Amino acid sequence: MIEVRRLDAAEARGELDALAAVLVDCVEGGASVSYMAPFSHVDARTAFEVVATEVAEDSRVLLAAFDDDEVVGTVQINLATPPNQPHRGDVAKLLVRRSARRRGIAAQLMEAAEREALAEGRTLLVLDTVTGDPAERLYERLGWTRVGVIPDYALYPDGRLCDTTVFYKRLRRV
Ligand SMILES: CC(C)(COP(=O)(O)OP(=O)(O)OC[C@H]1O[C@@H](n2cnc3c(N)ncnc32)[C@H](O)[C@@H]1OP(=O)(O)O)[C@@H](O)C(=O)NCCC(=O)NCCS
């Protein structure tokens, strides 16, 4: 049974090592999620310390997927948008550890992210993802609209260039 929960700052700090382990696993698996190889557990922990601080400042939403007590996935919504975009949020760092993939955990995380975005008054979500990776199919399946592809936007952890696809989704209150 997978449980997806929003973490407050204290919970995020309590799960720093577990969240870092998911991030390291994804980067080691070749995911282009901001970081380059070699990427250590300490690097990943530092990244999530910053996230926990932003959660404390109410500028970021952090969700985690638990399989029993183990964190197997996570996603974030950046709420730090400019004053003229109070209705928008940026989805980032959707990560599921390799051993837990293809069980619908990312889909569950994204559905929860939509609910939390609405709870924060955000009715438009934006994200970008590596063109051609499994995440692209996931976002299409979940009703996201593809804006277009930016060639050579980022690097894989090993230094190869990758294209990026930009998506958005309008959220409707139910
Ligand atoms: C992209 C990512 C988050 C997907 O995580 P996931 O939990 O495996 O995603 P889901 O299980 O919801 O969907 C993945 C696939 O499993 C399939 N699936 C879902 N539940 C399933 C089940 N019970 N049995 C069999 N297949 C299943 C889905 O249909 C989907 O198939 P597809 O790839 O052919 O479209 C994961 O691969 C990942 O962390 N990648 C590295 C980081 C990354 O690239 N993140 C995106 C950054 S924007």
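Remember, it's 1-based here, ligands and their atoms both numbered in the order they're listed. Only a predicted model underlies this, so the values are computations on that prediction, with no experimental measurement involved.
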In ligand 1, the atoms that come under 4.0 Å of a heavy atom of Ala135 are 1 (C), 46 (C)

Between Asp128 and ligand 1, does any nitrogen or oxygen pair lie at a separation below 3.5 Å? no

Pairing donors with acceptors under 3.5 angstrom, does anything connect the side chains of Thr81 and Arg122? yes

Using distance alone, decide if ligand 1 has a nitrogen or oxygen within less than 3.5 Å of any nitrogen or oxygen in Tyr139. no

Report the nearest protein non-hydrogen atom to atom 36 (C) of ligand 1: residue, atom name, distance rounded to 0.1 Å. Arg101 NE, 3.4 Å

For Leu138, the ligand 1 atoms with a heavy-atom partner under 4.0 Å come out as 12 (O)

Judged by modelled atom types alone, do Thr165 and Thr129 share a side-chain donor-acceptor pair under 3.5 Å? no

Before signing off on this row, confirm whether Cys26 and ligand 1 have an N or O atom pair separated by under 3.5 Å. no

Show me the side-chain donor-acceptor pairs of residues 85-95 shorter than 3.5 Å, one per line, residues at least two apart or across chains.
residue, atom, partner, partner atom, Å
Gln85, OE1, Arg88, NE, 2.8
Gln85, OE1, Arg88, NH2, 2.6
Arg88, NH1, Asp90, OD1, 2.3
Arg88, NH1, Asp90, OD2, 3.1
Lys93, NZ, Ser34, OG, 2.9

Run the numbers for me: atoms of ligand 1, each under 4.0 Å from some heavy atom of Leu95, listed by number. 39 (O)

CG (Leu7) and CD (Gln76) are apart, to the nearest 0.5 Å, by 10.5 Å

Under 3.5 Å, is there a donor-acceptor pair between the Asp43 and Thr46 side chains? no

Using distance alone, decide if ligand 1 has a nitrogen or oxygen within less than 3.5 Å of any nitrogen or oxygen in Gly104. yes

List the steps, then state whether salt bridge (charged side-chain N to carboxylate O under 4.0 Å, His left out) holds for Glu111 with Arg115. CA-CA 7 Å; Glu111 282 156 17; Arg115 284 195 299 275; 5.4 Å; no

Charged N to carboxylate O under 4.0 angstrom, Glu11 versus Arg13? no

If you measure every N or O of Arg103 against every N or O of ligand 1, does any of those distances drop under 3.5 Å? yes

Close N or O approach (Ala31, ligand 1; < 3.5 Å): no

Validate the cation-pi geometry between Arg5 and Phe66: distance from NZ or CZ to the six-membered ring centre under 6.0 Å, angle to the ring axis within 45°. yes

Tell me: protein heavy atom nearest atom 39 (O) of ligand 1, and distance? Val96 N, 2.9 Å

Does Asp25 have any salt bridge (charged side-chain N to carboxylate O under 4.0 Å, His left out) partners at least two apart in sequence or in another chain, and if so, which? Arg98

What do you reckon, does Arg141 put a non-hydrogen atom under 4.0 Å from ligand 1? yes

Out of Arg137, Glu136, Arg102, the nearest non-hydrogen contact to atom 31 (O) of ligand 1 is supplied by Arg102

Any N/O pair Thr129/ligand 1 closer than 3.5 Å: no

Before signing off on this row, confirm whether Ala106 and ligand 1 have an N or O atom pair separated by under 3.5 Å. yes

Charged N to carboxylate O below 4.0 Å: is that the case for Arg60 and Glu120? no

Ligand 1 N/O within reach of Leu94 N/O, cut-off under 3.5 Å: yes

